[in-house]
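This structure is a prediction, so every number in the text was calculated from the model and none was measured.
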Amino acid sequence: MSTEGAKRQPKYQRIADELRDAIQSGQYQPGDRLPGENDLMAGHGVARMTARQALGVLQSEGIAESRKGAGVFVRSFRPLRRQGIKRLAQSQWGEGRSVWAVDTEDRTLVVDQVSVTEQGAPERVARVLGVEQGDPVCVRSRRFVLDDKPVLIATSYLPASLVAGSAITQEDTGPGGIYARLAELGSKPVHFREEIRSRMPSTDEAEQLKLSTGTPVMLICRTAFADEGRAVEVNEMTLDSASYILEYAFDA
């Protein structure tokens, strides 16, 4: 950036840029404490609000995190590379592996807050599944925690008439997960569609994902289709945007 361009930047942004450069150059390592508000006020001759905004920029980018009563630290969490196409290949779930195995490598993944219920289909879900609003659907809600950091909450909706009596209605769906069980039911997924958007989190989402103030979430709605374009699952996912890199690799 030119000197003139830098001067046009707000002071808090210039401070944030300097701190980011220092982190990327290795001056501050993962887990290190960054200069606090008082340090930045003295070092840059700015007001407390400006110093707070600078640190807030790094927190919203997922580079730093605030620890109550201790200060702001360089985030030590390594972003998760979500390989959107490879992870859904039949060679994964069809052979009893979790779709998460592609993403997590040797890292520890825990699925908690699992809830499996039968509810009436919301209008948006009924429309995609081709059922009537209020028709019974199996609702599977769960949270995914990687390296002790919540990264994703997900809710799957499947026609109750399709999955009744199967392991899909249990907390543990078994090797290969939902898609392997759907294949056993004669409704093997052959096509997927994902829609992605971003927004700020709700209070409940921020609490479940333990998000730093100002961190947005990414919303991914995936539909799994069996033969003849029949939708068999709608999965609504909320991701901590600072925890993910979305990767899509495909041939030209």
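- One finds the NE2 atom of His44 at 5.0 Å from the CD1 atom of Ile15 (value rounded to the nearest 0.5 Å).
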Go through Lys149 and Asp240 one step at a time and tell me if the salt bridge (charged side-chain N to carboxylate O under 4.0 Å, His left out) criterion holds.
-> CA-CA 10 Å; Lys149 169 70 178 74; Asp240 170 8; 3.0 Å; yes
Kindly determine whether Val72 and Gln59 satisfy side chain to side chain contact (heavy atoms under 4.5 Å, CB included), including the steps that lead there.
-> CA-CA 8 Å; Val72 177; Gln59 292 176 65; 3.9 Å; yes
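- Between Val128 and Arg193, the closest side-chain pair of non-hydrogen atoms falls below 4.5 Å.
- Ser202 pairs by the side-chain hydrogen bond (donor to acceptor under 3.5 Å, both in side chains) definition with Glu205, not counting sequence neighbours.
- Counting only residues at least two apart or in different chains, side-chain hydrogen bond (donor to acceptor under 3.5 Å, both in side chains) contacts with residues 131-144 comprise Asp112-Arg143, Ser141-Thr155, Arg142-Ser156.
- Of all non-hydrogen atoms in Val131 and Ala121, the two that sit nearest each other are CG2-CB, 4.2 Å.
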From CA spacing to verdict: salt bridge (charged side-chain N to carboxylate O under 4.0 Å, His left out), Arg197, Glu195 = CA-CA 7 Å; Arg197 62 190 180 94; Glu195 300 172 337; over 6 Å; no
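- For Glu207, the CD atom is loosely surrounded, since the number of other residues' heavy atoms within 6.0 Å does not exceed 12.
- In Asp148, the CG atom is not crowded: 12 or fewer heavy atoms of neighbouring residues, nucleotides or ligands sit closer than 6.0 Å.
- The heavy-atom pair separating Leu185 from Val163 by the smallest distance is CD1-CA, 4.1 Å.
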Would you check, one step at a time, whether the test side chain to side chain contact (heavy atoms under 4.5 Å, CB included) holds for Leu129 with Val234?
-> CA-CA 7 Å; Leu129 291 178; Val234 174; 3.9 Å; yes
Quick one: do Asp17 and Arg20 satisfy salt bridge (charged side-chain N to carboxylate O under 4.0 Å, His left out)? Show the steps, please.
-> CA-CA 5 Å; Asp17 289 347; Arg20 189 187 306 103; 2.8 Å; yes
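- Within the 4.5 Å cutoff, the side chain of Val145 has no heavy atoms near those of the Leu109 side chain.
- Side chains of Asp32 and Phe73 form no contact here, defined as non-hydrogen atoms less than 4.5 Å apart.
- Separating the CG atom in Leu55 from the OG1 atom in Thr50 is a distance of 11.0 Å, to the nearest 0.5 Å.
- Annotation: side chain of Ser243 is in contact with side chain of Arg75 (closest heavy-atom distance under 4.5 Å).
- Val139 and Leu158 fall into different hydrophobic clusters, where Ile, Leu, Val, Met, Phe, Trp and Tyr side chains are chained together by heavy-atom contacts under 4.5 Å.
- Distance CD1/Ile178 to SG/Cys138: 7.5 Å, rounded to 0.5 Å.
- Side-chain contact between Glu233 and Tyr179 is present, with at least one heavy-atom pair separated by less than 4.5 Å.
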Val57 and Tyr12: side chain to side chain contact (heavy atoms under 4.5 Å, CB included), yes or no, with the steps?
-> CA-CA 8 Å; Val57 168; Tyr12 75 86; 3.7 Å; yes
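- Grouping Ile, Leu, Val, Met, Phe, Trp and Tyr residues whose side-chain heavy atoms lie under 4.5 Å apart, directly or via other members, leaves Ile245 alone, with no other cluster members.
- Leu19 and Met49 are assigned to two separate hydrophobic clusters, defined by single-linkage of ILVMFWY side chains at heavy-atom distances under 4.5 Å.
- In this structure, CD1 in Ile153 is found 4.5 Å from CG in Leu209, a value given to the nearest 0.5 Å.
- Every residue two or more places apart in sequence or in another chain that forms a ring-ring contact (aromatic ring centres under 6.0 Å, His included) with Phe225 is listed here: His191.
- Shortest non-hydrogen contact noted between Leu182 and Val232 is CD1-CG2, 3.9 Å.
- Of all heavy-atom pairs spanning Ser198 and Pro216, the tightest one is OG-CB, 4.1 Å.
- With a 4.5 Å cut-off on side-chain heavy atoms, Ser187 and Arg181 do not count as touching.
- A continuous path of ILVMFWY side-chain contacts below 4.5 Å connects Leu152 to Ile220, so both sit in one hydrophobic cluster.
- No side-chain donor from either of Asp21 and Gln27 sits under 3.5 Å from a side-chain acceptor of the other.
- Contact annotation: the side chain of Leu219 never approaches that of Ile196 to less than 4.5 Å [non-hydrogen atoms, C-beta and beyond].
- For Ser161, the side chain to side chain contact (heavy atoms under 4.5 Å, CB included) test picks out Pro159, with sequence neighbours left out.
- Contact detail for Gly177 and Thr173: the closest heavy-atom pair is CA-OG1, 3.3 Å.
- Here Met200 contributes atom CE and Leu211 contributes atom CG; the two are 8.5 Å apart, rounded to the nearest 0.5 Å.
- Expressed to the nearest 0.5 Å, how far CG of Asn235 lies from CZ of Arg222 amounts to 5.0 Å.
- A heavy-atom distance below 4.5 Å is found between the side chains of Ile23 and Leu34.
- Of all heavy-atom pairs between Glu118 and Ala160, the closest is OE1-CB, 3.8 Å.
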Would you please test Tyr244 and Val151 for side chain to side chain contact (heavy atoms under 4.5 Å, CB included) and show each step?
-> CA-CA 8 Å; Tyr244 276 90; Val151 295; 3.7 Å; yes
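- In summary, the side chains of Gln119 and Tyr157 do not present any donor paired with an acceptor at a separation below 3.5 Å, with no hydrogens or angles considered.
- Clustering ILVMFWY residues whenever any of their side-chain heavy atoms sit less than 4.5 angstrom apart, transitively, puts Val125 in a cluster other than the one holding Val116.
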Under the salt bridge (charged side-chain N to carboxylate O under 4.0 Å, His left out) rule, what do Glu123 and Arg127 come out as? Steps first, then yes or no, please.
-> CA-CA 6 Å; Glu123 191 277 333; Arg127 186 173 62 251; 2.7 Å; yes
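- Counting only distance, with no hydrogens or angles, the side chain of Arg14 and the backbone of Gln9 share a donor-acceptor pair below 3.5 Å.
- With sequence neighbours left out, the side chain to side chain contact (heavy atoms under 4.5 Å, CB included) criterion links Arg48 to Glu37, Asn38, Met41, Arg52.
- The closest side-chain donor-acceptor pair between Tyr248 and Glu194 falls under 3.5 angstrom.
- Note on Ile63 and Val217: separate hydrophobic clusters, where clusters join Ile, Leu, Val, Met, Phe, Trp and Tyr whose side-chain heavy atoms are under 4.5 Å apart, directly or indirectly.
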